[in-house]
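Letters A, B, ... mirror the listed sequences (proteins, then strands); counts begin at 1.
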Amino acid sequence: MTTTSTRGKTPKAPARAVARTSPEAKAASALLPAERPIRFLDERGARVDEHDGYGEPPVELLVQAYRKMVVGRRFDQQCTALTKQGRLAVYPSSHGQEACQVGGVLALRADDWMFPTYRESVALATRGIDPVEALTLLRGDWHCGYDAAAWRTAPQCTPLATQTIHAAGVAYGEKRKGNDSVALAFIGDGATSEGDFHEALNFAAVFSAPVVFLVQNNGYAISVPLAKQTKAPSLAYKGVGYGVRSERVDGNDPVAVLAVMLAAVEHGRSGNGPFLVEAHTYRIDAHTNADDATRYREAGEVEEWRTKDPVARLAAHLRSVGALDDALEAQIKDEAEVYAANLRERMNADPVLTPTDLFEHVYATPTPQLVAQRAQLLEELAAE
Amino acid sequence: MTTTSTRGKTPKAPARAVARTSPEAKAASALLPAERPIRFLDERGARVDEHDGYGEPPVELLVQAYRKMVVGRRFDQQCTALTKQGRLAVYPSSHGQEACQVGGVLALRADDWMFPTYRESVALATRGIDPVEALTLLRGDWHCGYDAAAWRTAPQCTPLATQTIHAAGVAYGEKRKGNDSVALAFIGDGATSEGDFHEALNFAAVFSAPVVFLVQNNGYAISVPLAKQTKAPSLAYKGVGYGVRSERVDGNDPVAVLAVMLAAVEHGRSGNGPFLVEAHTYRIDAHTNADDATRYREAGEVEEWRTKDPVARLAAHLRSVGALDDALEAQIKDEAEVYAANLRERMNADPVLTPTDLFEHVYATPTPQLVAQRAQLLEELAAE
Amino acid sequence: MSTTALAAPTVTMAQALNTALRDALKDDDRVVVFGEDVGALGGVFRITDGLTRDFGEDRCFDTPLAEAGIMGFAIGMAMAGFRPVVELQFDAFAYPAFEQILSHVAKMRNRTRGAITLPIVIRVPYAGGIGGVEHHCDSSEAYYAHTPGLKVVAPSTVADAYSLLREAINDPDPVVFLEPKKLYWSKDEVSLPAATAPFGRAEVRRAGTDVTLLAYGPSMPVAMAAADAAVEDGWSVEVVDLRTINPYDDATIEASVRKTGRCVVVTEASGFAGVGAEMAARVQERCFHALAAPVLRVAGYDIPYPPPKLEHHHLPGVDRVLDTIARLQWDDVPFVGSR
Amino acid sequence: MSTTALAAPTVTMAQALNTALRDALKDDDRVVVFGEDVGALGGVFRITDGLTRDFGEDRCFDTPLAEAGIMGFAIGMAMAGFRPVVELQFDAFAYPAFEQILSHVAKMRNRTRGAITLPIVIRVPYAGGIGGVEHHCDSSEAYYAHTPGLKVVAPSTVADAYSLLREAINDPDPVVFLEPKKLYWSKDEVSLPAATAPFGRAEVRRAGTDVTLLAYGPSMPVAMAAADAAVEDGWSVEVVDLRTINPYDDATIEASVRKTGRCVVVTEASGFAGVGAEMAARVQERCFHALAAPVLRVAGYDIPYPPPKLEHHHLPGVDRVLDTIARLQWDDVPFVGSR
Ligand SMILES: Cc1ncc(C[n+]2csc(CCOP(=O)(O)OP(=O)(O)O)c2C)c(N)n1
Ligand SMILES: Cc1ncc(C[n+]2csc(CCOP(=O)(O)OP(=O)(O)O)c2C)c(N)n1
Ligand SMILES: [Mg+2]
Ligand SMILES: [Mg+2]
């Protein structure tokens with residue numbers, strides 16, 4: 001067998017210079033994210049100039065976002081409470097991630113498609129979906145609850161990263177039909193490790209599908225921290241390998257999230273193909289109500305992130321520009337309380353589930369086998 | 001449902017400046033490939049200075065490579081001939097890719113692991129494996145032929161990209177055992193689209209596994225050209241998204257392939273983790289003997305690539321530095337002819353296959369079910 | 001004038017499939033065909049030959065090499081209103097798409113109460129008998145058949161190949177369409193378009209009175225050949241072709257077995273926990289007191305698919321089927337069938 | 001002195017599995033445990049609780065979130081001489097790893113004539129009954145059982161959980177180890193280490209004379225409960241626990257059915273083309289003339305796994321099992337068993 005004993009000095013990969021002039025290198029440079037995560041607001045909500053050319057969203061949109069974030073947070077709290085009352089089977093909170101939940105959705109038109117994961121309940125509410133419908137699955141029913149086609153919103157997806165390819169496919173399909181709608185796929189940091197995410201980026205790029213991949217990098221995949229998930233300089237560096245324009249954004253800065261998401265959506269809508277956004281954020285609560293986060297993270301870390309709260313930051317900013325005052329603040333809080341009270345009340349009623357519905361939507365027309373099985377179940381129910 | 005009608009001017013993702021100074025951006029720069037594919041030789045074999053700091057391999061190693069490439073090409077031709085005589089079920093030729101087949105293997109030590117695909121028959125021969133053993137599977141037998149453990153060479157892999165994760169795993173395993181061996185995974189351009197490739201890059205990086213991924217980018221996945229496979233600036237730009245050092249190399253320049261492969265292997269051996277090499281090459285023959293390449297590519301393209309022949313290039317270079325003369329050339333040709341004649345003769349004998357062997361290696365000990373089935377087969381054979 | 005019945009032309013299964021795709025592309029703008037090498041090359045088995053040329057890149061196109069990607073992309077396109085017909089190049093190369101198939105394709109209608117439906121056809125050149133090397137000859141039908149929400153089809157005749165593929169493309173639900181590779185070059189005299197029985201109907205391919213052979217797709221030729229050969233042994237063998245594994249036609253099978261009182265199931269796939277087990281279990285559940293003997297199975301061995309030079313030992317052959325028929329206690333047990 | 005038999009401590013199945021992993025890590029340096037969240041968190045079901053703390057990151061570690069990656073990495077580590085025990089977090093989240101499992105894990109020994117062996121254990125918290133939401137309750141055993149080259153194990157008792165997992169880790173071949181989620185908190189008085197019967201041996205869990213119930217893993221509790229309840233109906237029910245689906249113990253089952261003359265197969269998995277079909281097919285193939293009635297199956301419906309509020313309608317319950325026993329023609333057909 002051959003060996004390399006013949007070779008002389010130890011071969012070493014040379015250090016790389018920074019300047020890049022070849023067409024491929026230039027193309028790559030145009031795809032890579034900004035030096036630092038895009039920010040308009042610092043951690044206290046003061047305006048900073050780290051937005052690298054992204055335009056500031058109009059203030060009315062920011063007020064709308066604020067409203068949705070306050071309502072969303074209250075909704076999220078209510079859901080966690082509902083798990084304790086046994087009204088929800090399980091609930092994955094997005095407390096702390098409201099800038100992404102809301103910013104992602106507000107960048108969309110009604111005819112754009114949206115692909116949420118299990119964590120996107122607040123995004124669904126922001127989309128306008130009835131919260132009881134949105135909670136149907138987590139409540140213990142067998143379907144997603146809302147009309148996925150009418151809302152152009154796929155059922156919340158649990159098999160990680162699988163939905164990102166669907167988003168690429170629907171975005172390409174709409175383009176083929178001459179529509180200028182885009183698709184938004186939510187995904188978590190951990191799920192970016194799945195092969196499907198990479199196939200999605202690749203299909204999206206090859207077919208120039210107008211899809212935005214919004215990675216909510218909340219630092220953990222259940223218990224696994226990002227450092228064990230990837231050695232990438234940042235997740236936004238994954239786009240260049242597919243020819244996908246990529247950006248990093250402070251995911252707790254609602255202004256920045258909206259600014260980048262609006263640009264990303266427009267990028268796709270105007271025919272430039274996919275866009276990858278990595279938003280740095282944090283989930284304040286555990287993975288779900290069933291999770292014990294103390295097993296894998298320090299309380300100090302959570303406290304540290306509480307100081308970067310996206311809701312407080314946006315409030316501070318809106319106050320500083322005169323777009324929010326005590327009266328409006330109180331009005332929004334009321335709105336949130338009404339929303340939560342309404343939800344609590346409606347969720348107190350036991351949902352009516354029809355067992356034989358289990359057979360109704362397996363196929364358009366049940367097979368003879370299913371007809372027989374349904375009959376068997378009916379017999380059993382009659383015998384009860 | 002919300003719309004974005006509130007926003008003002010069309011949001012646009014800004015053009016990106018080239019200079020990069022943040023830690024992430026610098027880390028990324030250090031991982032990205034060179035401006036242009038590494039070359040030591042131009043298309044005619046004249047020495048050029050486009051090697052970007054990679055060291056030139058010693059001339060004895062180049063001569064050894066030349067010898068293996070000439071023998072390898074002759075072997076490859078013989079295999080294609082054997083398909084016509086019905087002695088091989090199928091053969092995927094690597095004609096034109098000899099610099100990669102040989103350069104990849106000569107960079108390894110005997111205790112390094114190697115993960116070939118179906119296209120790597122010449123690489124197996126270069127490794128020193130008996131060619132008849134190496135052709136066992138393609139000949140129509142049920143196993144890979146050679147002792148995969150002793151040769152530290154996995155069976156040729158057909159399910160695309162799957163082997164790249166095995167390479168990461170074995171590389172990490174050897175590291176865990178305190179060995180300094182590395183693993184080399186061959187993969188084609190098309191197979192880089194599979195999710196498994198990405199999971200392999202990620203696992204390799206996260207566990208800092210000493211594995212080299214050698215992408216032979218021969219421009220096609222069966223009939224599908226690279227342009228339909230990816231929009232990446234080049235496949236070597238896939239590494240940065242995992243924190244993997246990456247390089248592009250002229251895959252028909254044997255000096256460059258060896259130089260980069262030696263550096264990549266050393267990178268892993270000295271504890272720096274994985275390395276991704278994209279080698280630009282071309283397969284002169286069809287995908288396999290069963291393929292009709294005229295359906296998807298022009299004859300002119302093939303002719304164009306014939307002028308970049310790696311064997312001729314290395315010959316020209318070695319002659320220019322006085323390391324090859326007519327006598328040595330003739331000697332190597334003879335060696336190749338002997339190798340081919342030997343192979344032809346040995347492949348003329350029908351292999352002896354024992355049907356009941358089908359049951360011997362499904363498990364260490366056949367299950368009762370398999371024992372019964374084997375007995376049934378034996379009865380049938382007896383009845384024949 | 002044209003009342004003279006013209007002899008139907010001779011057509012291969014490959015041609016019938018190609019024609020079915022063409023006719024579907026012509027009849028319905030929503031149909032799109034994609035996968036690996038289905039464009040310029042026309043597929044490694046040429047089933048999509050000429051489609052890109054004749055219908056354009058938009059209707060038939062190559063994708064990147066990633067099966068989960070292909071399947072997920074099909075889901076997305078179906079959500080946008082298309083009717084994707086995807087080719088997964090070989091049986092074993094569908095495995096990377098299993099999560100997409102099992103967790104999404106099979107379940108989307110149910111998860112959305114019919115708001116989102118996935119009229120997708122997953123074409124899989126499948127099973128062995130063509131001297132293929134490892135990973136190119138898997139009989140993977142059981143994985144699909146066991147997954148609620150999928151329909152599973154395996155034609156054995158040229159006319160069925162056409163008709164069932166058209167029906168699959170028109171079906172509102174996802175269909176895994178298993179094309180027995182070794183039958184691609186089988187021929188028949190068929191006028192296309194052909195319309196055969198719909199999904200869920202088995203066909204008696206050969207009538208007989210003594211024993212029923214149950215088979216489908218790649219195992220039909222050996223069942224038919226065994227029925228021919230059995231004549232010499234004095235057995236009159238009925239052969240039933242499932243055609244569609246799901247939906248499953250119990251009625252036709254029950255009628256046949258009640259008549260013959262004996263049944264042998266033939267599948268090329270490995271026997272253990274395969275579709276043949278279901279076939280055997282169902283027959284005895286439904287016809288137990290009409291059976292003179294157990295329902296026996298002739299199946300591939302429970303081993304990885306063997307290589308070209310040994311596959312004939314693995315595949316159920318006429319002798320193995322006849323031997324099994326011979327084991328159906330012809331002499332020592334009184335016949336209790338309802339004949 | 002210590003000859004006094006102490007009462008064995010009460011142990012949950014989860015504890016037994018954790019102890020088995022600990023003991024294996026202690027006994028064999030080559031054993032490594034990895035997967036998603038198995039480290040600091042101790043797994044979402046806490047089966048790997050404390051292993052990283054007690055044995056170090058090298059022996060039990062979290063991986064990136066990618067199941068094909070986990071499986072492929074295990075293959076590679078096994079090639080380097082390790083004995084990986086991987087956890088795939090839930091049944092449906094094993095699907096991304098299917099190509100690695102079907103095309104490599106199951107076949108590597110065969111493809112290399114034993115030069116490379118893969119002593120890998122694939123632990124899968126599996127099946128339903130815990131009020132889990134979609135994709136968290138699939139009964140996926142048929143996919144593995146139909147794949148030659150894998151061994152498939154499904155414990156139903158605490159002692160078996162320990163003993164079979166130890167055996168799986170020591171086995172020279174890949175084992176898919178299916179852990180019924182709903183039994184994690186089941187308890188028994190067991191002294192660990194416990195050594196029960198080896199792979200390939202079914203156990204008669206309850207003796208009876210009138211009918212045999214066949215089950216395994218998650219379906220054993222209902223089989224046992226039905227046997228208890230059947231006493232009231234005057235039936236003496238024997239219950240056989242497969243323990244390992246592959247290898248399969250025909251002998252114990254045959255002996256039982258020959259004795260009782262009747263057989264019902266109980267599986268939580270959807271019936272169609274499932275493992276239960278194999279069980280039924282085998283029994284009638286082997287015991288046909290000892291059977292007084294067809295082998296019937298009680299199985300989950302052929303639907304996607306239902307949600308928490310409806311799963312009890314899907315899962316075989318005591319009533320459904322008793323109703324099925326009642327259908328075994330007790331009156332109108334003469335008993336022809338060999339009893
Ligand atoms: C294919 C697959 N594997 C595993 C799981 C189990 N699982 C559910 S959520 C989760 C962590 C996901 O982390 P991340 O993507 O970062 O999203 P986050 O929960 O933080 O929002 C895991 C492992 C799954 N749902 N799907
Ligand atoms: C998972 C999988 N999908 C599909 C195939 C069928 N197939 C075999 S080779 C090939 C093309 C591979 O192209 P590339 O990776 O560029 O390698 P090359 O053949 O050019 O060396 C395809 C699609 C396969 N072997 N495995
Ligand atoms: Mg996360
Ligand atoms: Mg290629």
Q: Starting at CG of C:Asp62, measure out to OH of B:Tyr296 and round the result to the nearest 0.5 Å.
A: 11.5 Å
Q) Looking only at heavy atoms, what is the nearest atom pair of C:Leu310 and B:Pro355, with distance? A) CD2-CA, 4.0 Å
**Q.** Side chain proximity check, C:Leu65 to B:Gln229, heavy atoms < 4.5 angstrom
**A.** yes
**Q.** Side chain B:Gln373, main chain C:Asp302, donor-acceptor under 3.5 Å
**A.** yes
**Q.** Exceeds 12 heavy-atom contacts within 6.0 angstrom, atom CD of B:Glu298
**A.** no
**Q.** Euclidean distance, B:Glu384 CD relative to C:Asp319 CG, rounded to 0.5 Å
**A.** 8.0 Å
Q.
Measuring from atom CG of B:Leu160 to atom CD of C:Gln89, what distance do you get when rounded to the nearest 0.5 angstrom?
A. 8.5 Å
Q) How close do B:Gln156 and C:Glu134 get, heavy atom to heavy atom, and via which atoms? A) O-OE2, 3.8 Å
Q | Steps toward side-chain contact (heavy atoms from CB on, under 4.5 Å) verdict (C:His313, B:Leu377) | A | CA-CA 7 Å; C:His313 292 297; B:Leu377 177 57; 4.0 Å; yes
Q) Is B:Thr158 close to C:Phe93 at the side-chain level, that is, under 4.5 Å between some pair of heavy atoms? A) yes
Q) Is any side-chain N of the basic residue among B:Lys228 and C:Glu57 closer than 4.0 Å to the acidic one's carboxylate O? A) yes
Q) Between B:Arg295 and C:Asp37, is there a salt bridge with N-O shorter than 4.0 Å? A) no
(Q) If I take atom CD from residue C:Glu311 and atom CH2 from residue B:Trp142, how far apart are they, to the nearest 0.5 angstrom? (A) 16.0 Å
